Amino acid sequence: MVFVDGVRTPFGKAGSKGLYAETRADDMVVKVIRELLRRHPELPPERIDEVAIAATTQTGDQGLTIGRSAALLAGLPKSVPGFAIDRMCAGAMTAVTTVSSGIAFGAYDVAIAGGVEHMGRHPMGEGADPNPRYVADKIVDPSALVMGSTAENVHDRYPSLTKDRTDAYAALSQLRYEEAARAGKISPDLVPVSTRSAENGWGLATADEPPRPGTTVEALSGLKTPFRPHGRVTPGNAAGLNDGATGCLIADADTVRELGLPVGMKLVGYAFAGVEPEVMGVGPVPATEKALQKAGLSIDDIGLFEINEAFAVQVLAFLEHFGIADDDARVNPWGGAIACGHPLASSGVRLMTQLSRHFAEHPEVRYGITTMCIGFGMGGTVIWENPNYTEGGAR
C-alpha cells in the first residue's frame, strides 16, 4: 500500500473567536478532497473506490456519514461511496489503516482517508451519555473520562517525568515548529480555506492559528494546572482545543504505477493496543511494540518518529520507555500538536503527511513511524518505509 500524498487545512483555535468559528466542518473536508484532486489531475475521480472520514463527535455538521456527504459536496461522482469512522484521536489513522486493509484484500485500488474535528462547534463528548456502570462497577477510574486527568495520572505513574521536563519539551516543540514554518516546511501541506465572520466579513486561512512563537520554559512554568491543584499538566504543555481537517490518497502499487501517482511512502504494518483508560497516554508504547513485532523490526530500525503531542508527558513516556532522549532530532523534527494544534480525529493524517515530507529529505532513513495515544485507553502505531531510501543515504 502506498501513501500517495496528504494535505490539511490550517488548524484553528476552537471557540467563538477562532478561524473557523463560522465555518462548517464538512466544508473543511470538502476543501481537503478538492485539493487532493487538484494536486493530482492524473487521478480520474471515478477511480476513487472509497472515502473514509473520521470524526470523534459525529453530530451536526460533522455527522451524517461524513465520508459520503463530503464526497458528494466535493463533486466526486455519485458512484464513489464513503463512510464515517471513529476511534477518537486516532480516527484519521484508523481511516488510513482501514482502507489500506481493503486495498490489501483487493476491495479497493484508490481511496481517500482523513478526518475532521470542529471542537468549537462540537466539544469532545458533546451529546454522549457514558454508561453509569463505567464508574459504578469500577470498570474504569473516574479520571479516565477526563483526558487532562489521565495525563496527570501518567505523571503519577512515572515520577521521573517532571513538570520541568514536560515544559522543556513543549518549548522545544514550539521552537521546532517556528523554525520549520520560517523555512517553508509547513505551508506545502496546507490548503487555504475561506472563512466567514458575521462581524469581520470574509477572510482566508493560510496558516495555523495555535502556535506561540518565542515560547520559553520560564513562561510555561507559571501557567495554571486546571486538572489538579498543584498539578503538572498545563495549557502550555498540552495540545489545545482546535478545528481542522486532513486527507490523503492511499493506493495499491499497481494503480500508482498505472496512473503515474507519486509515492510518498509505503505502508509496512500497523497495530492498535489497549491500556488502562486512566493512563491512556501510555498507549503508543504497547501499540509500537506490537507493530514492530508483527513487522519483524526493532525500535533501532526506526529513523524518524512522528508522535502526536496530545500531552508532553505522553510523548516523554514513550521516549523514556524506548531509551530515546527528550530532544532527539529524529522525533517530531518540525514540532508537533503542542504547537500547531490537535483537532482530534484529523491528526493521524497530519503525522503521516509530515513523515512523508521528512522521508523525501532523508534518504538515509529507511523506516519511520506515526504513533498516537487514544482516549479510553488505547494507542495506535503505523510503520512506514521510505521510497527514497538508499543505503548510505545517496540518492
Side-chain angles (χ1 to χ4, degrees), residues 1-8 29-54 66-68 70-85 91-115 188-189 191 245-270 291 294-295 346 348-360 363 366-370 382-390 395:
M1 279 68 66
V2 171
F3 181 97
V4 174
D5 194 11
V7 299
R8 66 178 178 92
V29 180
V30 166
K31 290 293 292 186
V32 165
I33 293 173
R34 287 179 173 170
E35 179 67 8
L36 286 169
L37 293 173
R38 187 193 70 80
R39 293 189 183 196
H40 298 285
E42 67 274 27
L43 172 62
E46 63 272 14
R47 291 292 300 272
I48 298 170
D49 294 310
E50 189 70 273
V51 179
I53 301 296
I66 192 167
R68 171 61 170 171
L72 292 171
L73 289 165
L76 293 181
K78 293 181 173 60
S79 58
V80 177
F83 65 95
I85 198 164
M93 175 178 282
T94 305
V96 168
T97 58
T98 299
V99 300
S100 296
S101 299
I103 289 171
F105 194 76
Y108 311 138
D109 293 331
V110 186
I112 290 175
D189 296 348
V191 52
T246 62
C248 66
L249 289 171
I250 305 291
D252 78 302
D254 290 341
T255 302
V256 165
R257 285 190 292 268
E258 174 197 346
L259 298 177
L261 291 164
V263 179
M265 50 189 184
K266 301 174 183 178
L267 195 151
V268 175
Y270 66 89
K294 287 180 175 292
S346 71
V349 165
R350 179 190 68 80
L351 302 176
M352 295 172 189
T353 302
Q354 289 199 184
L355 181 61
S356 71
R357 306 286 191 252
H358 300 326
F359 275 162
R366 184 171 184 181
Y367 298 110
I369 65 170
T370 54
V382 187
I383 303 174
W384 302 92
E385 184 174 9
N386 187 355
N388 310 291
Y389 171 74
T390 54
R395 292 183 184 273

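Predicted model, so just to flag it, every value in this text is computed and none were measured.
The shortest non-hydrogen separation linking Val349 to Ala113 is CG2-O, 4.0 Å. Considering every non-hydrogen atom in both Ala295 and Val268, the closest pair reads CB-CG1, 4.0 Å. The minimum heavy-atom distance between Gly115 and Ile53, with the atom names listed, is CA-CG2, 4.2 Å. In this structure, Ala245 and Val32 approach most closely via the heavy-atom pair O-CG2, 3.8 Å. Of all non-hydrogen atoms in Val256 and Ala251, the two that sit nearest each other are CG2-CB, 3.8 Å.
For Ala54, the side chain to side chain contact (heavy atoms under 4.5 Å, CB included) partners two or more places apart in sequence, or in a different chain, are Ile85, Ala345. Every residue was checked against the side-chain hydrogen bond (donor to acceptor under 3.5 Å, both in side chains) condition with Ser100, not counting sequence neighbours, and none meets it. With sequence neighbours left out, the side-chain hydrogen bond (donor to acceptor under 3.5 Å, both in side chains) criterion links Glu385 to Arg366. Residues satisfying the ring-ring contact (aromatic ring centres under 6.0 Å, His included) criterion with Tyr270, sequence neighbours excluded, are absent altogether. Scored by the side-chain hydrogen bond (donor to acceptor under 3.5 Å, both in side chains) test, Tyr367 finds no partners at all (sequence neighbours excluded). Listed by chain and number, the residues in a side-chain hydrogen bond (donor to acceptor under 3.5 Å, both in side chains) with Glu42 are His40 (sequence neighbours excluded).
Contact check for Cys248 versus Ile112: no side-chain heavy atoms found under the 4.5 Å cut-off. Residues Arg8 and Thr353 have side chains not in contact (no heavy-atom distance under 4.5 Å, counting atoms from C-beta outward). Side-chain contact between Thr255 and Val2 is absent, with no heavy atoms from C-beta onward closer than 4.5 Å. With a 4.5 Å cut-off on side-chain heavy atoms, Val263 and Val4 do not count as touching. The closest side-chain heavy-atom distance from Phe3 to Ser356 is below 4.5 Å. Within the 4.5 Å cutoff, the side chain of Ile369 has no heavy atoms near those of the Val382 side chain. Looking only at side-chain heavy atoms (C-beta outward), Leu351 and Leu355 stay at 4.5 Å or farther from each other.
Taken to the nearest 0.5 Å, the CE atom of Met265 stands 6.5 Å off from the CE atom of Met352. Remark: Thr97 OG1 to Ile250 CD1 distance equals 9.5 Å, nearest 0.5 Å. Rounding to the nearest 0.5 Å places NE2 of His358 at 11.5 Å from CG of Asn386. Of the inter-residue distances, the one linking Asp49 atom CG with Asp252 atom CG reads 9.0 Å to the nearest 0.5 angstrom.
With hydrogens and angles disregarded, no donor-acceptor distance shorter than 3.5 Å links the side chain of Thr98 to the backbone of Ala95. Between the side chain of Thr246 and the main chain of Ser346, a donor-acceptor pair closer than 3.5 Å is present.
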Item to check | Residue pair Val99, Tyr108: steps toward the side-chain contact (heavy atoms from CB on, under 4.5 Å) verdict | outcome: CA-CA 8 Å; Val99 300; Tyr108 311 138; 4.2 Å; yes
Checklist entry - Could you go step by step and tell me if Gln354 and Thr370 meet the side-chain contact (heavy atoms from CB on, under 4.5 Å) rule? => result CA-CA 10 Å; Gln354 289 199 184; Thr370 54; over 6 Å; no
Next on the checklist: Would Phe83 and Arg68 count as a side-chain contact (heavy atoms from CB on, under 4.5 Å) here? Give the steps.
Outcome noted: CA-CA 6 Å; Phe83 65 95; Arg68 171 61 170 171; over 6 Å; no
Next on the checklist: With side-chain contact (heavy atoms from CB on, under 4.5 Å) as the criterion, how do Val29 and Ile66 come out once you've worked through the C-alpha distance, each side chain's angles and the decisive distance to 0.1 Å?
Outcome noted: CA-CA 9 Å; Val29 180; Ile66 192 167; 4.1 Å; yes
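Here salt bridge (charged side-chain N to carboxylate O under 4.0 Å, His left out) pairs that include residues 96-111, with residues two or more places apart or in two chains, number zero. Pairs engaging residues 348-357 under the salt bridge (charged side-chain N to carboxylate O under 4.0 Å, His left out) rule: Asp5-Arg357, Asp189-Arg357 [sequence neighbours left out].
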Side chains of residues 73-82: which donor-acceptor pairs under 3.5 Å do they make with residues two or more places apart or in other chains?
none

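Of the charged side-chain nitrogens involved, none lies within less than 4.0 Å of a carboxylate oxygen, so that Glu35 and Lys31 do not count as a salt-bridged pair.
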